[in-house]
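Everything below concerns the one structure shown next.
Remember, it's a predicted structure, so these values are computed and weren't measured experimentally.
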Amino acid sequence: MDVVEEYTGHVDPNGPAARRTLDALTITKISVGPMDNNAYLLVCRRTGDALLIDAAADPERLADLLGHDAERPRLKTVVTTHQHPDHWQALGAVAGANGSNTAAHPLDAPPLPVPPDFLVEHGDTLEVGDSTLSVIHLRGHTPGSIAILYRDPAGHAHLFTGDSLFPGGVGKTSSPENFNSLLDDVQARLFDVLPDDTWFYPGHGDDSTLGEQKPHLDEWRARGW
């Protein structure tokens with residue numbers, strides 16, 4: 001698989017993956033499936049252990065992303081950010097092929113095709129090699145939607161938001177109550193506590209930073225979506 005090493009936050013459907021190299025981890029983004037879902041492969045540079053966020057679709061492309069030689073990363077964990085089917089179409093195939101553990105929030109676990117090996121709640125952590133990731137529960141898009149945070153000791157934070165936060169607004173909700181819940185959580189658990197230079201990686205489309213989006217919070221609340 002072609003991988004672009006100059007990371008911009010944009011990938012094209014059926015196009016090459018894009019890799020960002022940090023001191024301890026690499027983060028590789030790929031678009032899969034008919035809904036242009038983003039999947040993110042995090043690999044510990046020292047151990048070769050890996051964690052995948054959202055095995056959304058196209059198990060063959062995800063297998064190619066991992067590689068097929070003896071030096072390929074060891075996919076230890078697959079995290080599902082929420083229960084919507086476009087985010088787990090390849091979960092069974094990818095986890096089964098690699099002997100990976102799976103993780104999700106308990107409120108979103110029942111619809112998944114593979115019962116999670118780990119149920120993760122707000123404040124829990126996950127490991128990828130030498131690095132620790134934090135779980136942030138964001139209630140509203142679905143009951144058990146989660147974001148995954150990596151605080152890079154050598155740089156800015158990296159936040160994987162699933163469908164809870166995008167450039168331009170929060171994720172789709174089914175009622176005003178759910179919208180307010182999601183925006184409240186996004187503000188209190190992300191914007192109010194994480195630095196503006198936190199780079200976030202959504203479930204579809206291009207990346208952004210919290211600082212770029214923060215001035216629009218009042219606008220989002222006023223429009224109601």
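Between the side chain of Arg61 and the backbone N or O of Ser31 there is at least one donor-acceptor pair closer than 3.5 Å. Under the 3.5 Å distance criterion, the side-chain polar atoms of His84 are left unmatched by any main-chain donor or acceptor of Asp86. A side-chain donor-acceptor contact under 3.5 Å links Trp88 to the backbone of Gln83. Side-chain atoms of Asp185 come within 3.5 Å of backbone atoms of Arg139 as a donor-acceptor pair (strictly under, hydrogens ignored). Distance alone, capped at 3.5 Å, is enough to place a donor-acceptor pair between the Asn38 side chain and the Pro202 backbone. In this structure a side-chain-to-backbone donor-acceptor pair under 3.5 Å is missing from Asn98 to Ser100. Side-chain N or O atoms of His204 include one that pairs as donor or acceptor with a backbone N or O of Met35 at under 3.5 Å. Looking only at distances, no side-chain donor or acceptor of Arg19 sits under 3.5 Å from a matching main-chain atom of Ile27. Arg223 places a side-chain N or O within donor-acceptor distance of the main-chain N or O of Trp225, the cut-off being under 3.5 Å. Put simply, the side chain of Lys29 never gets that close to the backbone of Ala17: no donor and acceptor are under 3.5 Å apart.
Both Leu165 and Val193 are part of a single hydrophobic cluster, where members link through side-chain heavy atoms under 4.5 Å apart. Leu107 and Ile146 are not part of a single hydrophobic cluster, where members link through side-chain heavy atoms under 4.5 Å apart. There is a path of hydrophobic side-chain contacts, each under 4.5 Å, that joins Val32 to Leu66. Residues Leu133 and Leu41 do not share a hydrophobic cluster, clusters being chains of Ile/Leu/Val/Met/Phe/Trp/Tyr side chains in contact below 4.5 Å. Residues Leu159 and Val186 are members of one and the same hydrophobic cluster, defined by side-chain heavy-atom contacts under 4.5 angstrom among Ile, Leu, Val, Met, Phe, Trp and Tyr.
Within the 4.5 Å cutoff, the side chain of Cys44 has heavy atoms near those of the Thr47 side chain. A heavy-atom distance below 4.5 Å is not found between the side chains of Phe166 and Ser208. Using a 4.5 Å heavy-atom threshold, the side chains of Arg20 and Leu22 count as touching. Residues Met1 and Ile30 form a side-chain contact, since some pair of their non-hydrogen atoms from C-beta on lies under 4.5 Å apart. Using a 4.5 Å heavy-atom threshold, the side chains of Leu194 and Leu149 count as touching. Under the 4.5 Å side-chain criterion, counting only non-hydrogen atoms from C-beta, His122 is not in contact with Leu138. Residues Asp163 and His82 have side chains in contact (heavy-atom distance under 4.5 Å, counting atoms from C-beta outward). Between Thr26 and Leu42 there is no side-chain heavy-atom pair separated by less than 4.5 Å.
Heavy atoms from other residues, nucleotides or ligands lying under 6.0 Å from CZ of Arg151 number 12 at most. In the displayed structure, Glu6 atom CD is contacted under 6.0 Å by at most 12 heavy atoms of other residues, nucleotides or ligands. Under a cut-off of 6.0 angstrom, the local environment of NZ in Lys214 is crowded, with over 12 non-hydrogen atoms contributed by other residues, nucleotides or ligands.
Between atom CZ of residue Arg189 and atom CD1 of residue Ile136 there is a gap of 9.0 Å, rounded to the nearest 0.5 Å. Between the OG1 atom of Thr173 and the NE2 atom of His141 there is a distance of 9.0 Å, given to the nearest 0.5 Å. Separating the CD atom in Gln213 from the CZ atom in Phe191 is a distance of 6.5 Å, to the nearest 0.5 Å. We find the CG-NE2 distance between Leu119 and His105 to be 9.0 Å, quoted to the nearest 0.5 Å.
Remark: the Ser164 side chain and the Thr161 side chain contain no N/O donor-acceptor pair separated by less than 3.5 Å. His10 and Asp206 share a side-chain donor-acceptor pair at under 3.5 Å.
Using bins of under 30°, 30° to 60° and over 60° for the plane-to-plane angle, the ring pair His216/Trp220 lands in the parallel bin.
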TODO: Please step through side-chain hydrogen bond (donor to acceptor under 3.5 Å, both in side chains) for the pair Asn101 and Thr77, ending with a clear verdict.
DONE: CA-CA 5 Å; Asn101 290 314; Thr77 308; 5.2 Å; no
- [ ] Just do the side-chain contact (heavy atoms from CB on, under 4.5 Å) check on Thr80 and Asp108 with the steps written out, would you?
- [x] CA-CA 9 Å; Thr80 302; Asp108 272 19; over 6 Å; no
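Pairing each heavy atom of Gly211 with each of Pro215, the nearest pair is O-CD, 3.3 Å. Pairing each heavy atom of Ala50 with each of Val43, the nearest pair is CB-CG2, 3.9 Å. The shortest heavy-atom contact between Tyr150 and Ala24 is OH-CB, 3.7 Å. Of all non-hydrogen atoms in Pro16 and Val11, the two that sit nearest each other are O-CG1, 4.0 Å.
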Determine all donor-acceptor pairs shorter than 3.5 Å in which one atom belongs to a side chain in residues 51-58; sequence neighbours excluded.
unit_1 : atom_1 : unit_2 : atom_2 : d
Asp54  : OD1    : Thr81  : N      : 2.8
Asp54  : OD1    : Thr81  : OG1    : 3.3
Asp54  : OD2    : Thr81  : OG1    : 2.8
Asp54  : OD2    : His87  : ND1    : 3.0
Asp58  : OD2    : Gly33  : N      : 3.0

Under 3.5 Å, which donor-acceptor pairs do the side chains of residues 123-131 form with other protein atoms, sequence neighbours left out?
unit_1 : atom_1 : unit_2 : atom_2 : d
Asp124 : OD2    : Glu121 : N      : 2.7
Glu127 : OE1    : Thr132 : OG1    : 2.9
Glu127 : OE2    : Thr132 : OG1    : 3.4
Asp130 : OD1    : Arg46  : NH2    : 3.1
Asp130 : OD2    : Arg46  : NE     : 2.6

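Using a cutoff of 4.0 Å between basic side-chain nitrogens and carboxylate oxygens, Asp184 and Arg221 are scored as salt-bridged.
Listed by first and then second residue, the ring pair (Phe, Tyr, Trp, His ring centres under 6.0 Å) pairs involving residues 20-45 are Tyr40-Phe160, Tyr40-Tyr201 (not counting sequence neighbours).
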